[in-house]
Amino acid sequence: MIISLLGVDITKFADFVRLHEGLSPPHWRRTGADRWDDGYEKTAYFLDWIENRHGEGTIRQLNRRMKDRKYHAHVFKELTGSPVHKLWSTYCKTLEEPVSIDDFTLVQQALDGPG
């Protein structure tokens with residue numbers, strides 16, 4: 001069952017938290033889709049991209065605003081300066097960019113963990 005708070009599926013934020021805290025399932029991959037809110041890893045990685053691009057705490061603010069009022073796509077523009085469809089389009093384009101050696105090294109270090 002999907003839990004909804006003021007019209008927003010809160011599992012979207014739960015998946016972001018799982019990813020952000022290193023608790024995502026190993027089969028999750030960064031992929032695009034038709035919609036940003038397709039759920040699971042698609043939404044989690046998209047929200048993570050927003051957080052990285054617009055600063056730590058951006059998704060926390062998004063969640064807070066959605067809790068206080070009914071969800072509306074304008075909340076993304078209020079926080080980031082861009083509508084959610086533009087953010088999604090930009091995010092999907094970044095997925096098409098080749099991964100550099102530095103990016104690979106960072107991913108490998110993250111997978112290996114400390115020490």
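The analysis underlying the following values was restricted to heavy atoms, covering all of them including side chains, and did not include hydrogens, waters or symmetry mates. Heads up: numbering here begins at 1 and tracks the sequence. In this text the structure is predicted, and so the values were computed from the model without any measurement.
Between F13 atom CZ and I59 atom CD1 the span is 6.5 Å, to the nearest 0.5 Å. T58 OG1 to L79 CG: the interatomic distance, rounded to the nearest 0.5 Å, is 7.0 Å. To the nearest 0.5 Å, atom OG1 of residue T80 and atom CD of residue Q61 are 11.0 Å apart.
Looking at heavy atoms from C-beta onward, V84 lies in side-chain contact with W36 at the 4.5 angstrom threshold. Between W28 and D15, some side-chain heavy-atom pair lies under the 4.5 Å cut-off. Contact of the L62 side chain with the H54 side chain is not registered, since no non-hydrogen atoms from C-beta on lie closer than 4.5 Å.
Side-chain atoms of S82 never come within 3.5 Å of backbone atoms of K77 as a donor-acceptor pair (strictly under, hydrogens ignored). Between the side chain of T90 and the main chain of K86, a donor-acceptor pair closer than 3.5 Å is present.
Pairs passing the salt bridge (charged side-chain N to carboxylate O under 4.0 Å, His left out) check and including a residue from residues 39-55, sequence neighbours excluded, read R30-D48.
Considering every non-hydrogen atom in both L95 and T31, the closest pair reads CD1-C, 3.5 Å. Looking at every heavy atom in both residues, C92 comes nearest to G32 through SG-CA, 4.0 Å.
Note: W49 and F46 have parallel aromatic rings, judged against thresholds of 30 and 60 degrees for the angle between ring planes.
In this structure, W88 has its ring center no closer than 6.0 Å to that of F76.
The side chain to side chain donor-acceptor pair (under 3.5 Å) check on D34 picks up nothing, with sequence neighbours excluded.
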